[in-house]
Structures are given as structure tokens and as C-alpha cells.
Protein chains: 2
Amino acid sequence: MSEPNTGVYLRQLYDSLVTNLHKELALQGYEEITPSHGLVFQYMEENGSRITSLASLAGMTKQSMSALVYQLENLGYLLRTADPDDGRAVLFVLTAKGEQLKSLAKKINRSFEQRWEETLGTEQYTLLRGLLLKLVESA
Amino acid sequence: MSEPNTGVYLRQLYDSLVTNLHKELALQGYEEITPSHGLVFQYMEENGSRITSLASLAGMTKQSMSALVYQLENLGYLLRTADPDDGRAVLFVLTAKGEQLKSLAKKINRSFEQRWEETLGTEQYTLLRGLLLKLVESA
DNA sequence: AATTTTAGTCAGTTAAACTGACCAAAATTA
DNA sequence: TAATTTTGGTCAGTTTAACTGACTAAAATT
């Protein structure tokens, strides 16, 4: 193979992060949590989110997002409440269990990224993040 | 949301690359090619690859890889030949159509990355690639 | 008041992975 | 060299996570 494209690097790094996260979560008893559940935690708003808004943030259909939140609700990570302002809508909020998982996941990812930071040095790692952010924002 | 982790950036950028690639390929008539087919093209060796080796490089089971190469064979991108040195094995090689697709995909990705390079400037983009490579290699 | 849009569900489909059981050829070991 | 184990691959069936289409009811618009 000649020069691998940047995409190959991006994918490998992202995969290693996700694999690590779910391996660690499984070790700590959260075996039922899958990568796609992560999207829900990532996009949940403080005072509750609607399926439609989660779906649009995560870039998937509301039917698919509906399935994800239904699973998380049944597993006790989310609570379904009625939206006081809109009789059609449903608001989901994180339960205590949900908050716990979210902060554990954050911790696991932070410590994994710590290894990246150590590999490059803090300065270079900050630089890397800045460059990535610039690309994300330019899209 | 507070500071997004680096993984979020990596995923967004990778997704945009893949989405662009398959949108462009579809426009040029390769609608039948899916992201997972890309793994085959990425890991194919010059003088033919075995299912087992492709599977291991791509990090999936041989059954799954078997399905992918079967599809690509039926679509005319791969040719199945017997391995002269091993009666159990099968060698797949790219057909002319397969080579064409591979080089088109490369071109599309290169020009997409070109936009990233323009956003950051060549120097910073080279730096970014170097940092990513360092992380990939440290794994 | 009638119509259209929006939030969400139900039902069914598809894509892409998985496991388990198996066969035949090759490699290893006794 | 014969018996056993490993390896390359297939077949059959399952699972996960997405999808589309058709629908209901509430809200917003005309």
C-alpha cells in the first residue's frame, strides 16, 4: 500500500477509542451498552430531549432513535416524561444511573486520550485537537 | 455540552470523508459499492489475497469477509482463482473494473482531503497527518 | 374551520456483522 | 507413515442497527 489516506488514520484511532470504551464499560458491568447508545448520551440536553431532536443531532431517523431510547429507558438509564408544552412530544432525561454511566464513560475516554497526549506531548496534542476542530468547523 | 472529546472530532471527520466518497461514487455509477466493500479494496494485495488474510487485516470474521468478496466477485470487481500452492485456498484479484474503481476512489478521497489541506494550509496539514500517524503507530 | 405540519409509533425490510457446525486439504506429531 | 491437529473456506441461522412506508394525534397555519 502506498501513502495511506488520512481517513485510514482517523478510522483506526476512532475505532481504538470506541473499542477501549466498550471493553472497559463491559468490565465494569455495563455490558448492555453498545456504541450506538453513546449517541444518545452525547446529545442528551440537560432538561430533557425529544426523540426528534436527538435523531436529527445524531443524523439518523426518528424511528431508529426511538428504538435506542426505548432500550435505554428499559435498562433504566433514561426516564420518559410528557412534554408540558406539547401534547405530542415526549421528553427523555437521564436517570441517576444514566448520569453515572455518562460520567464513567467520560472518565474512561479521558484516560484513554491521556495516553495519546502522553505519546505526543501536551503541546502537540493540544495542537492536534485544534487542527481537528478547525476541520470540523470548516465543514 | 462541555469540551467534546477528540473522538467526536475523529468520527465527524471520518464520516464526512466516507459520506463524500460514496455520494461521489454513486454519482459516477458505482451505486452498488458500500462502505464495507472499501475494506476489501484497501487490503487487497497485488498478486491476490485470501479471504482469511483479508478478514484478519480488516478485523472481521472470515464468514463476513467471504460475503463481501462474494458480492464484489458477482459485481465483476474481483476474480476468484485457485491458489496454486494450497488446495484449500482461494485467491481473489482485482479485475480491470476493480482497478478502475480503486483508482477512482483514491482520486475522490484525495480531492476531498485537498479541501482539508486548503483549510489548514499545507504545512499544518502535513503536521496533522504526522501527528495522527504517530498515534496510530503507538497503538 | 379546514388543512398542513410535526412528534411519535407500528410493521416490515435490509445490511452487515456475528456464532456454530461442518468439509477437505495441509501441516504436525507420534 | 499413519493419525491427529490446524487451517482455509462454506453453509445455515441469528443479531444488531440501521432503513422505508403507513399511520395517529396534537399543534400550527391558512
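Proteins get letters first, then strands, A, B, ... in listed order; numbering begins at 1 in each.
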For [N], take OP1 and OP2 only and decide whether either is under 4.0 Å from a side-chain N or O of [X].
X	N	answer
A:T52	C:dT6	no
A:S36	D:dA18	yes
A:R88	C:dG8	no
B:S66	D:dT10	yes
A:R80	C:dT9	yes

Using atom [atom1] of [X] as one end and atom [atom2] of [N] as the other, report the distance to the nearest whole Å.
X	N	atom1	atom2	result
B:Q63	C:dA16	CD	P	17 Å
A:L75	D:dT16	CG	P	12 Å
B:D86	D:dG9	CG	P	8 Å
A:I51	C:dT6	CD1	P	17 Å
B:R50	D:dT6	CZ	P	18 Å
A:Y70	D:dA17	OH	C1'	16 Å
A:D85	D:dA26	CG	C1'	13 Å
B:M60	D:dG9	CE	C1'	16 Å

B:V90 vs A:T34, nearer the 5' end of DNA chain D by closest nucleotide: B:V90
Residue met sooner reading DNA chain D from 5', once B:V69 and A:G59 are mapped to nucleotides: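 Checking each residue's closest nucleotide, the 5'-ward one belongs to B:V69.
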Polar side chain donor-acceptor pair, A:T19 to A:S16, under 3.5 angstrom: no
Residue whose nearest DNA chain C nucleotide is more 5′ - B:M65 or B:K62: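 In this pair, the answer is B:M65.
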SB check A:R50 A:D86 (cutoff 4.0 Å):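 Between A:D86 and A:R50 there is a salt bridge, with a charged N closer than 4.0 Å to a carboxylate O.
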Parallel, tilted or perpendicular: rings of A:F41 and A:Y77 (30°, 60°):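 Perpendicular: the ring planes of A:Y77 and A:F41 meet at over 60°.
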For A:Y125, the option from A:E113, A:E118, A:E117 that meets side-chain hydrogen bond (donor to acceptor under 3.5 Å, both in side chains): A:E113
Residue pair B:L127 / A:L128, side-chain heavy-atom distance below 4.5 Å: no
